Amino acid sequence: FAADGTTPLLEVTDVFEAAAQGDTLACELIEETARCLAVQCINLCRNFDPHMILFGGGMADAGEPLMEPIRRHFQALRWKVLGDDVKIERAQLGHPGIIGAAGTMSMVPHAVTYSSR
């Protein structure tokens with residue numbers, strides 16, 4: 001707890017640092033997060049058949065300590081009917097979400113606009 005009695009903010013880096021030091025709760029949190037992300041990757045594959053799935057942002061900055069368990073859970077839970085051609089990687093660009101959204105919008109035949117009115 002912080003000096004003022006409030007609970008301090010916990011950052012992603014704190015969790016991965018604690019896991020690297022053997023903290024059981026942090027390791028379990030990473031495993032469960034990786035399993036949930038792997039399930040979402042499987043859902044993406046069933047709907048879109050991608051060749052690669054990229055993770056970006058603060059959590060993905062953890063690198064292999066996050067990517068390895070995602071890949072492991074993906075392999076354990078995925079349908080074995082199709083080939084192993086889906087790669088799960090960490091995005092190398094600074095803001096992959098923005099770039100991905102822009103790429104997606106370029107494929108939409110009619111632009112969707114938002115108005116606050």
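Nothing here was measured: the structure is a model prediction, and the numbers come from that model.
- To the nearest 0.5 Å, atoms CG (Leu66) and CD (Glu31) are separated by 10.0 Å.
- Here the closest heavy-atom approach between residue Cys41 and residue Phe74 is recorded as CB-CD1, 3.8 Å.
- Glu17 meets the side-chain hydrogen bond (donor to acceptor under 3.5 Å, both in side chains) test with no other residue; sequence neighbours excluded.
- The minimum heavy-atom distance linking Leu54 with Met52 is given by the pair CD2-SD, 3.4 Å.
- Looking at every heavy atom in both residues, Ile42 comes nearest to Arg78 through CD1-N, 3.6 Å.
- Taking the charged nitrogens against the carboxylate oxygens, Glu68 and Arg71 have no contact shorter than 4.0 Å, which rules out a salt bridge.
- Two residues are said to be in side-chain contact when any heavy atoms from C-beta on lie closer than 4.5 Å; Cys45 and Trp79 fail this criterion.
- Contact annotation: the side chain of Leu77 approaches that of Val39 to within less than 4.5 Å [non-hydrogen atoms, C-beta and beyond].
- The closest side-chain heavy-atom distance from Phe55 to Glu89 is not below 4.5 Å.
- Using a 4.5 Å heavy-atom threshold, the side chains of Arg90 and Met59 count as separate.
- Shown here for Ala18 and Ala26, the closest heavy-atom pair between the two residues is CB-CB, 3.8 Å.
- Asp14 contributes atom CG, which lies 11.0 Å from atom CG of Asp23 (distance to the nearest 0.5 angstrom).
- Annotation for Pro69 and Ala34: closest pair CB-CB, 3.6 Å, computed over non-hydrogen atoms.
- Note that CG of Leu37 is 4.5 Å distant from CD1 of Ile70, once rounded to the nearest 0.5 Å.
- Side chains of Val86 and His51 form no contact here, defined as non-hydrogen atoms less than 4.5 Å apart.
- Asn47 places no side-chain N or O within 3.5 Å of a backbone atom of Leu44 that could act as its donor or acceptor partner.
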